[in-house]
Structure formats: C-alpha cells, structure tokens
Amino acid sequence: MSEDEVVRTLGGIGRWQVRQSVLLSLSGVLCAWQILSVVFLAPATEHWCAPPPGHHCADTTGTSGDTRCSPRQWRALGVPHELRDGERVKSQCLVFSQPIDAIVPDTNATMSCSTWQYDTTEYTSTLVIEFDLVCDRKWLQMIVKGIYMVGIMFGVMTWGIIADRYGRRPALLLCLALNCLSSLVTMASTTVQMFLLLRFLTAFFGIGMYTTGFVMSMELVGEQWRALLGITYCLPVSCGFITMGGMAYLVRDWRLLQLALSLPGLLFVSFYWLVPESPRWLLSKGRVSEARDILEQICKFNKMEPLEKLPELELPSEKSTPSTENFLDVFRAGKTAALFLCLFFCWLVNSMVFYGIVLNAGDFGGNMYLNATLGGVVEVPALLSCAYAIYRLGRRAPISINMLGAGVACLLTLACTKGAFPHDWPMVCLAMMGRFCITASFSTIYIYTAELFPTSVRNTCLAACSVGSRVGGILAPLLDLLKEAIHPTVPVVVFGLTAILSGASVLLLPETAGRPLPEVLADVSKGRRRKQTGDEIEEKTTDELLPAPVVV
C-alpha cells in the first residue's frame, strides 16, 4: 500500500493523530515506573548476622534479668570486624562461633551465618530484607535487577510478530491487561522465584504495549513529522522517572509501593473505547469497510472534507520484482555486516550505560530519591535538544557527540570522593550530565538505524539491534558483581570506555539525514541511494552523497 496516499488522504498530521499519539505514549509512564522501581524495591541495605541460638548478652547486673541482646548491642559485641575497601568495618556475613560471654574480641574463630538483622531506618520492608538477598544470596540482587531486561528482550521479539499478524489493537489491549495483572500480582510474591517470574511477565507485556502504541502513532503521520513525534513519544517515560522518586519517598514498604505503581494501569481500560485499530493495517489485510469507517471518523475529527474514496493499493510494476532478501543477507556483504555489527554494539552500549546510571542512582552520593527525580528531569531537555539537533546536525553527529559526552562524564565521576562536598554535588552533576547525553543518544539511534538499513530488511535489523539493547540492559546490573570481585570502579570504567569507543565508531558510519531511504541491500553495500523523481529513479553513489570517511 502506498504510504503517501494514506497520509495525503488524512493530511501530514492532525488533531486526531496528535491525540492518539499522546494517549498511546502514556503507557510509557507505567514502563518507566517498573524499570526504575527495582532501585527502591531492592536497594542495598545495611545488614549483619543475627544471634545464633545460645548467643546472649552477659548478665552484667548480677540478677536473672533478660539477657537478650538489642540489635545495637549484638552488633557491637557479637559481630567481628573485617576489611572492606581498605577500611575496618563490622562484617556483614560472619559471626563469632562462641557465645558472647566467651568471646575475646578479634581472636576468636568466626563462622558464616544463616539469618540476618537489617537496618530499617530507611525502609520498613524491601525484597532484600524479606527474602535475605545478602551474602551468599547477594547474586540474586543482580538477577532481580536484570530480569526486567530479559522480559523486554523476549517481548520485543514476540509482540511485533503478533501485532503484524493479528492486528495492532488486539496486541495493545492484551498487553495492557496482562501487564496490569502481572504487575498487581507481583506485590503478593511469597518467594523470590515468584517475584522474578512475575517481573519477567510484567516486562514482557509492558514492552508489547509500548512498542505497539509507538507503531500505531507513527503509521498515520507524514514522514516529516515522524522523527519529531517519535522523540516526543518518549516524554511520558521521563515523566515516569520524575514521579518515581517522590512515590518511593512516600511509600517505604516494597509491597505497597508495587501496588501504588500498578493501580494506575487500570485506567488504561478506557483504551478499549478510545483506541481503534490502525486503518493502515486494516487496508493492508484487505479489510476495506472497517478501514473506511475509521478513516471517516478521523476526517471528521480533523474537520476535513468527507472521505470520497479509499487510498488505492499500489499495483506491482511489470518490471519490478519483489525483494527476497532476508536478515542473513546482511552478513553476506562485508560492508553491510560491518554496519550492522557497529550499530548492534552502539545499541548495546547505549542501553548498558543508560541502565547503569538509572539502576545505580543510590551509588552517586546525595539523596537517592532526589537523584532519581533529577534523572527524569534532565531527560526532558535531552529529548527536546535531540529533536532540534537531528534537524540541524543530522543523525550521526548527535549520536557520536552524546555518547562521547556520556563516556567522559562517567569517567570523571572516578575523580570525585564521596563526602567531600555537600550532597556529593560534583558526582551527582556528572551523573546527570551522563544521563542527559545517553538519553539524547538513545532516542536518536533508533531513527538512524531505521534510515540506514534498506526496506527489505529494515524491521528485522531494528528488532535485532533492539535485542542488543536488551543485552546491554542485562549486563548493566551484572557488572555490579565486579565491584567486589575486582574493584569498585570497574563498572564505571567499563561504562565510560565503551561509550567513548562506541561514540567514536559512529563517525565511521554514513550520514542518513536528508537522503532517500535505501530499498535493497545493494543500495547500501554498493554505496547507492535511490531518489524518486517523477517517473524516473536516480541512483547516486556514496562518493556523491557522503563526505569523506573519518578515520578515528
């Protein structure tokens, strides 16, 4: 079907398209809450071994009074010291093997403990406290943080196929309902395994509703509006990040917080009446009468002339042959393979750095609630500046500049010492600078990838690069394991260096702004770009269209 005919019928953009885009983008608030919620559901919590059976405080009064230790007494008397990051602190996983009244401090044997006491001054209940995700079970904290990315990775591969085959609206409504249900049931988790399964399902359905809504909002606007509308579609996600900090500050119990984040999903039941099927999808499936009804409603809402006829389907040219290219063909030519691998790496690094900053809001010093809110606030100007930059500077330069900026900001945090300044403001500022840059880069690379690869394999390459993004999201929390295994600065060094390397590699790729989209892989591998001019097709080589390659 001719996309231009549909857009020409409805106009490049109108009130109906804007309203639908705003409605559909609101699902991004729910997604943002769920992504960031794990920072407050399973925060790092100070802990120490609970008294083993038979360990009591000595009766110093000479009477038969209560000899049970208070948590403070027990920690002072029954918990040994250990070296952590060069400092002598109370152990979190060891306890003296003798009763307290028989202990000679720092000379007695120790043993691992199986029960713990926790500092509950900040949180009344967390996943860490309730399920003892500490010591030899600490690795489960990384799984709790990473499982959401696993759900997104499987969801993005599944729901695109379902939406293309069975319709946008059924996929959207099903994802909205199941996302709300799985999110609500999560608060009733009785084991960490149950929590992981439900959080996986929440992510699996959440990415389905978000990406399906994105496709629906893009399908009925003109090409000149898609980049701008695509970026502004992300603004509700930033609003979700902004409000998350305040909600977590007010609700310190993880079950109640999960409930508060899930209940607003019930409002999306209204989409059943507010969001119709995509008329473009209906026309592509030959459901003409249904498409006509919706298109007439759109024309009426936009105060346009009544629809006289439906956009005609394109008839295949006698000389044209349908493309049979597939994803494997991308790797049969060295140039297209190199382009894909470079972009796959860029998507992976973008996601890894973004979620590395988001999920470690409490590690930058200062107030973690304020850090979470500030992170969302800086995303708004980042997205707006990105919308301006892609029209003024193209696609390649903004991606490269922002990734380099994010990498440098991450590395500069290593020069900051916690506690040296009030609220650790230098480290917080650098973290926010990194968040600003990586958000702008992330929102641009999606558009760039869609423009770089040809029509024959565009959707497949986008999905494959999105998988790379999810791999990066999974790696971000797992890198925390290297803090204790190697050195506390290792994750930040990895984030910084890979962002700089990825930003530099983007400069080796061709620019796509203001140039016709490639149709087949030959247009990319042989350096051609097709440009439609009336009834003729002009072919230009890369040398005519692109600047000389930059060597980094």
Side-chain angles (χ1 to χ4, degrees), residues 32 35-36 39 231 234 237-238 241-242 245 345-390 393 396-445 469 472-473 475-477 479-480 482-483 487-507 552:
I35 289 171
L36 189 56
V39 174
I231 291 174
C234 300
V237 175
S238 301
F241 287 139
I242 292 170
F345 178 68
C346 289
W347 278 71
L348 187 151
V349 172
N350 263 269
S351 180
M352 183 175 69
V353 175
F354 178 82
Y355 289 111
I357 295 174
V358 169
L359 298 178
N360 290 285
D363 292 344
F364 296 116
N367 186 292
M368 67 181 301
Y369 304 101
L370 181 60
N371 290 351
T373 300
L374 287 176
V377 170
V378 300
E379 285 193 4
V380 176
L383 291 171
L384 297 178
S385 66
C386 176
Y388 176 79
I390 61 175
L393 302 177
R396 185 178 60 174
I399 295 173
S400 180
I401 292 171
N402 283 305
M403 291 200 72
L404 291 171
V408 171
C410 286
L411 293 178
L412 287 178
T413 60
L414 298 176
C416 302
T417 303
K418 282 190 177 182
F421 296 89
H423 305 293
D424 294 304
W425 66 263
M427 185 177 292
V428 173
C429 288
L430 287 171
M432 294 304 106
M433 184 185 302
R435 179 78 170 269
F436 178 98
C437 291
I438 206 64
T439 297
S441 171
F442 214 164
S443 57
T444 309
I445 198 170
S469 171
L475 289 176
L479 284 173
D480 274 355
L482 301 180
K483 287 182 179 180
H487 195 273
T489 62
V490 170
V492 178
V493 171
V494 173
F495 294 150
L497 293 182
T498 54
I500 291 173
L501 177 61
S502 181
S505 68
V506 170
L507 295 175
V552 179

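Hydrogens, waters and symmetry mates play no part in the numbers below; they use all other heavy atoms, side chains included.
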Rounded at 0.5 Å granularity, tell me how far [atom1] in [X] sits from [atom2] in [Y].
{"X": "I357", "Y": "C437", "atom1": "CD1", "atom2": "SG", "value": "9.0 Å"}
{"X": "L414", "Y": "M427", "atom1": "CG", "atom2": "CE", "value": "8.0 Å"}
{"X": "Y355", "Y": "L36", "atom1": "OH", "atom2": "CG", "value": "10.5 Å"}
{"X": "S441", "Y": "I399", "atom1": "OG", "atom2": "CD1", "value": "6.0 Å"}

Pair up each side-chain donor or acceptor in residues 373-384 with any protein partner under 3.5 Å, not counting sequence neighbours, and list the distances.
| residue | atom | partner | partner atom | Å |
| --- | --- | --- | --- | --- |
| T373 | OG1 | I242 | O | 3.4 |
| T373 | OG1 | Y369 | O | 3.2 |
| E379 | OE1 | S238 | OG | 2.8 |
| E379 | OE2 | R435 | NE | 2.9 |
| E379 | OE2 | R435 | NH2 | 3.1 |

Answer yes or no: is there a side-chain heavy-atom contact under 4.5 Å between [X] and [Y]?
{"X": "L393", "Y": "Y388", "value": "no"}
{"X": "S469", "Y": "N350", "value": "no"}
{"X": "V492", "Y": "T413", "value": "yes"}
{"X": "I445", "Y": "V506", "value": "no"}

If I compare all heavy atoms of N371 with all of M432, which pair ends up nearest, and what's the gap?
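Scanning both residues completely, I find the closest heavy atoms to be O-CE, 3.9 Å.
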>> If you apply the rule side-chain contact (heavy atoms from CB on, under 4.5 Å), what do you find for C234 with F442, and how did you get there?
In response: CA-CA 11 Å; C234 300; F442 214 164; over 6 Å; no
Q. Tell me, which pairs form a salt bridge (charged side-chain N to carboxylate O under 4.0 Å, His left out) where one or both residues lie in residues 347-360, sequence neighbours left out?
A.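 Output for this query is empty, none listed.
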With sequence neighbours left out, the residues meeting side chain to side chain donor-acceptor pair (under 3.5 Å) with T444 are none
With T489 via side chain to side chain donor-acceptor pair (under 3.5 Å) - residues at least two apart:
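Counting only residues at least two positions away or on another chain, T489 forms a side chain to side chain donor-acceptor pair (under 3.5 Å) with H487.
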Compile the donor-acceptor pairs under 3.5 Å between side chains in residues 400-410 and protein atoms, sequence neighbours left out, one pair per line.
| residue | atom | partner | partner atom | Å |
| --- | --- | --- | --- | --- |
| S400 | OG | G503 | O | 2.7 |
| N402 | ND2 | P398 | O | 2.8 |

Once you measure the plane-to-plane angle for F354 and F241, does it fall in the parallel (<30°), tilted (30-60°) or perpendicular (>60°) bin?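 If you compare the ring of F354 with that of F241, the planes turn out tilted.
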Residues 490-500 vs side-chain hydrogen bond (donor to acceptor under 3.5 Å, both in side chains), sequence neighbours excluded, gives none
Between [X] (side chain only) and [Y] (backbone N and O only), is there a donor and an acceptor less than 3.5 Å apart?
{"X": "S505", "Y": "S502", "value": "yes"}
{"X": "S443", "Y": "T439", "value": "yes"}
{"X": "S351", "Y": "G472", "value": "no"}

Exercise. Check the pair V428 / L370 against side-chain contact (heavy atoms from CB on, under 4.5 Å), numbers first and verdict last.
Key: CA-CA 10 Å; V428 173; L370 181 60; over 6 Å; no
| field | I500 vs L411, side-chain contact (heavy atoms from CB on, under 4.5 Å): CA-CA, chis, key distance, verdict | value | CA-CA 10 Å; I500 291 173; L411 293 178; 3.7 Å; yes
